[in-house]
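Everything numeric in this text was worked out from a predicted model, so none of it was measured.
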Amino acid sequence: MNDLFLSFIPGKSLLHRLDPRTKIIGLMVISICILNVSSLETMALVGLVFSTLVFICRLPVIHFIKSVRPMIPFFSLIFLMQFFFTEGTPILDLNLVSGTYEGLLLGGIVTLKFVFLILFAALITATTSPSGLTTGIEKLLRPLPLRYFGISSHDIAMMMSLSLYFVPMLYDNFKDLKDAQLSRGLDARKEPVKAIMSLVVPLVRMSLRSVDEVALAMESRCYTGQGRSSMHVLNFKNMDYGLFVLFILLVSCLVF
Amino acid sequence: MINIENLSYSYPDGTLALDSISLNILKGEFVTIAGKNGCGKSTLLRHINGLLQPGQGSVVVKGMDTCDLSNLQDIRRTAGMIFQDPQSQFIGMTVEEDIAFGPENLGLSSSEINRRVTEALESVGMSGHRHNTPRTLSGGQKQKVALASVLAMEPEIILFDEVTSMLDFSSRSDILDLIKQLHKTGTTIIYVTHLLEELVHADRLVLMEKGRVVQNGCPREIISKISSEDFGFDFPPIIELSKKLLDARIIDETSFPLSKDELLEAICPSK
Ligand SMILES: Nc1ncnc2c1ncn2[C@@H]1O[C@H](COP(=O)(O)OP(=O)(O)OP(=O)(O)O)[C@@H](O)[C@H]1O
Ligand SMILES: [Mg+2]
């Protein structure tokens with residue numbers, strides 16, 4: 001669990017130096033572009049952009065393989081659905097259903113869309129520290145009229161980073177508990193309900209306790225939710241402004 | 001530095017956790033608090049840090065009364081606290097962020113926060129782990145990061161709540177060395193433990209029982225007087241032996257040996 005899916009790789013590359021806000025907006029722009037791709041040629045272009053970025057930032061390719069690997073069953077499902085359920089020239093006949101050439105093409109494109117969405121998200125999280133990311137989101141949300149709903153963009157950012165922290169911790173707790181119950185002779189096949197209860201009840205109790213303790217730890221370090229500053233100062237550099245122009249061009253190309 | 005007058009506290013469910021405690025702690029002192037499970041040690045520390053407010057009596061830290069809620073932020077930056085469980089006191093996703101959390105709450109400038117993070121990491125010898133996730137560290141390393149997080153607040157008092165109880169022997173002595181170092185540089189240390197070996201380093205021992213202070217004084221003398229039932233834990237063999245020697249008047253109270261080396265020195269002095 002050391003290499004969490006979507007984890008950060010510290011570094012000083014081009015992407016690392018960009019302002020998190022630029023990267024978040026960039027990710028949105030590129031996602032819109034990816035969703036609009038309709039030919040394999042354009043998809044190849046997206047792939048080229050991605051590989052160039054990974055290459056110039058000298059990021060380990062294995063990291064990106066790891067981030068798509070857990071999704072492979074999902075990708076396969078999407079691909080097979082398209083392959084078998086698209087009308088056209090049959091190329092693979094399996095009595096009941098047949099795969100078509102058009103299905104192969106469409107399936108390929110749709111699957112690649114999902115793959116690249118994830119890869120670009122992984123590219124951003126690999127090159128942006130989690131707190132940079134939350135600070136960026138906080139700053140981007142700030143102009144929204146959230147305070148009329150009684151929430152501040154700061155609360156949202158804090159919630160985000162706490163949940164980013166809690167999910168892996170819950171997973172760790174779960175693994176420990178499962179091991180503990182298994183070693184005490186829990187047999188999930190014989191008594192499934194009892195097995196689930198024996199995991200869920202202590203897990204909830206443990207999580208509530210952890211929440212309590214984390215709250216204490218936060219309070220004892222002067223957390224009040226107000227008047228906080230951030231270790232990371234965000235400021236746009238020329239490169240960021242340049243990219244914004246590029247983003248606007250890209251989006252307008254898509255719209256018109 | 002810390003004045004506790006007649007402090008009593010009951011939890012909302014009615015458990016009387018502290019029963020008229022009075023205690024003064026001076027600037028730069030190293031005080032250990034010991035006692036059986038549930039005698040109220042953690043509850044007492046939480047009062048000093050302002051996490052709990054007295055039911056009766058008062059707690060004054062560096063002239064600030066913890067009852068006055070407007071003092072709380074200043075009290076918490078004066079008296080930092082480290083908890084027993086290394087796991088559940090992390091807030092940041094990386095070591096660096098966790099240490100920055102406190103200074104960020106104080107609203108410090110980015111350059112000042114960076115300076116404090118770097119210094120705190122250096123003083124606990126964890127600079128190499130700046131960008132790691134706390135979850136992947138060992139127990140001892142986690143407690144060092146927790147200590148660094150408190151150091152980044154530049155506190156004058158640090159409260160340690162059984163911080164070594166989940167650690168192995170060598171991480172434990174690492175942490176203790178760091179604490180002794182801090183004490184030397186003038187930080188007031190309040191250290192809760194039930195490991196007798198750790199009492200040796202303190203200027204003063206406060207022994208608690210059922211929410212009351214039952215002993216308060218020089219660790220050596222108190223240990224030579226009390227039985228292991230009073231202490232709540234079995235004494236290590238060295239102490240049992242020292243007690244026998246004391247009974248037999250081979251050694252006296254003032255040099256009551258607490259460690260192997262001291263015992264050797266007491267029975268066969270190296271001149
Ligand atoms: N949140 C709580 N609600 C109710 N009672 C509590 C709470 N926390 C502690 N207590 C009770 O208060 C008393 C003192 O607890 P405290 O945690 O201060 O003891 P302790 O000396 O730190 O024990 P330990 O050595 O186990 O850490 C105990 O009887 C305990 O059961
Ligand atoms: Mg305790």
Side-chain angles (χ1 to χ4, degrees), chain A residues 1-4 6-12 16 125 128-135 154 157-158 160-173 175-176 206-235, chain B residues 42 45-46 48-52 69 72-85 87-94 96-118 130-137 146 149-150 152-153 155 159 161:
Chain A
M1 274 299 285
N2 197 340
D3 268 309
L4 258 187
L6 297 185
S7 57
F8 173 54
I9 309 170
K12 289 202 176 335
H16 282 94
T125 51
T128 318
S129 73
S131 75
L133 210 56
T134 39
T135 319
H154 169 80
M158 192 70 214
M160 254 191 58
S161 52
L162 276 181
S163 34
L164 277 176
Y165 166 73
F166 264 110
V167 172
M169 189 160 97
L170 270 181
Y171 180 77
D172 280 356
N173 282 353
K175 260 196 329 200
D176 290 350
M206 267 162 91
S207 320
L208 287 180
R209 214 196 62 194
S210 315
V211 170
D212 256 7
E213 285 175 3
V214 171
L216 271 184
M218 285 171 69
E219 222 183 307
S220 83
R221 283 200 260 154
C222 294
Y223 181 74
T224 55
Q226 282 144 19
R228 264 173 69 79
S229 58
S230 170
M231 175 169 55
H232 305 273
V233 256
L234 303 188
N235 39 30
Chain B
S42 303
L45 287 200
R46 286 177 188 181
I48 302 176
N49 185 250
L51 289 173
L52 292 173
L69 298 185
L72 283 188
Q73 291 305 85
D74 285 329
I75 289 172
R76 288 180 188 152
R77 63 194 287 187
T78 312
M81 177 147 165
I82 298 165
F83 299 84
Q84 178 172 16
D85 185 353
Q87 186 62 56
S88 54
Q89 52 188 308
F90 289 113
I91 297 138
M93 287 278 286
T94 61
E96 170 187 75
E97 278 174 36
D98 191 75
I99 300 174
F101 180 78
E104 285 179 340
N105 287 333
L106 302 179
L108 300 175
S109 72
S110 157
S111 57
E112 171 68 8
I113 297 175
N114 266 303
R115 181 189 70 78
R116 288 190 178 200
V117 170
T118 311
R130 187 166 181 145
H131 297 286
N132 291 13
T133 4
R135 288 190 321 120
T136 60
L137 302 175
S149 302
V150 166
M153 304 286 277
L159 314 166
D161 192 354

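Put simply, of B/Glu96, B/Arg46, B/Arg77, B/Met153, the one with the most heavy-atom pairs under 4.5 Å next to chain A is B/Glu96. Heavy-atom pairs under 4.5 Å with chain A peak, among B/Val117, B/Asp98, B/Leu106, at B/Asp98.
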(request) Evaluate the criterion side-chain contact (heavy atoms from CB on, under 4.5 Å) for residue pair B/His131 and A/Ile9; output intermediate values, then yes/no. (result) CA-CA 9 Å; B/His131 297 286; A/Ile9 309 170; over 6 Å; no

(message) Checking B/Asp85 against A/Arg209 for the side-chain contact (heavy atoms from CB on, under 4.5 Å) test, could you report, in this order, the C-alpha distance in whole Å, the side-chain angles of both residues, the deciding distance, and whether it holds?
(response) CA-CA 11 Å; B/Asp85 185 353; A/Arg209 214 196 62 194; 3.8 Å; yes

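Contacts of B/Pro155 with chain A are absent, with no heavy-atom separation under 4.5 Å from either backbone or side chain. Proximity to chain A involves both the backbone and the side chain of B/Ser149, based on heavy atoms less than 4.5 angstrom apart. For a residue to count as touching a neighbouring chain, one of its non-hydrogen atoms must lie under 4.5 Å from one of that chain's; by this rule B/Asp74 does not touch chain A.
Without hydrogens or angle criteria, B/Asn105 side chain to A/Thr224 main chain gives no donor-acceptor distance under 3.5 Å. Of the possible donor and acceptor atoms, one in the side chain of A/Ser229 sits under 3.5 Å from a partner among the backbone N and O of B/Leu108. B/Glu104 places a side-chain N or O within 3.5 Å of a backbone atom of A/Met231 that can act as its donor or acceptor partner.
Side-chain contact check for A/Glu219 versus B/Asn49: every heavy-atom pair is 4.5 Å or farther apart. Side-chain atoms of A/His232 and B/Ser110, non-hydrogen and from C-beta on, never get closer than 4.5 Å to each other.
Considering every non-hydrogen atom in both B/Gln73 and A/Cys222, the closest pair reads NE2-O, 2.8 Å.
For the atom pair CD1 of B/Ile82 and OG of A/Ser220, the computed distance is 9.5 Å after rounding to the nearest 0.5 Å. Summarising the geometry, atom CZ belonging to B/Phe101 is positioned 5.0 Å from atom CZ belonging to A/Arg228; distances are rounded to the nearest 0.5 Å.
Residues meeting the ring-ring contact (aromatic ring centres under 6.0 Å, His included) test with B/Phe83, sequence neighbours left out: none.
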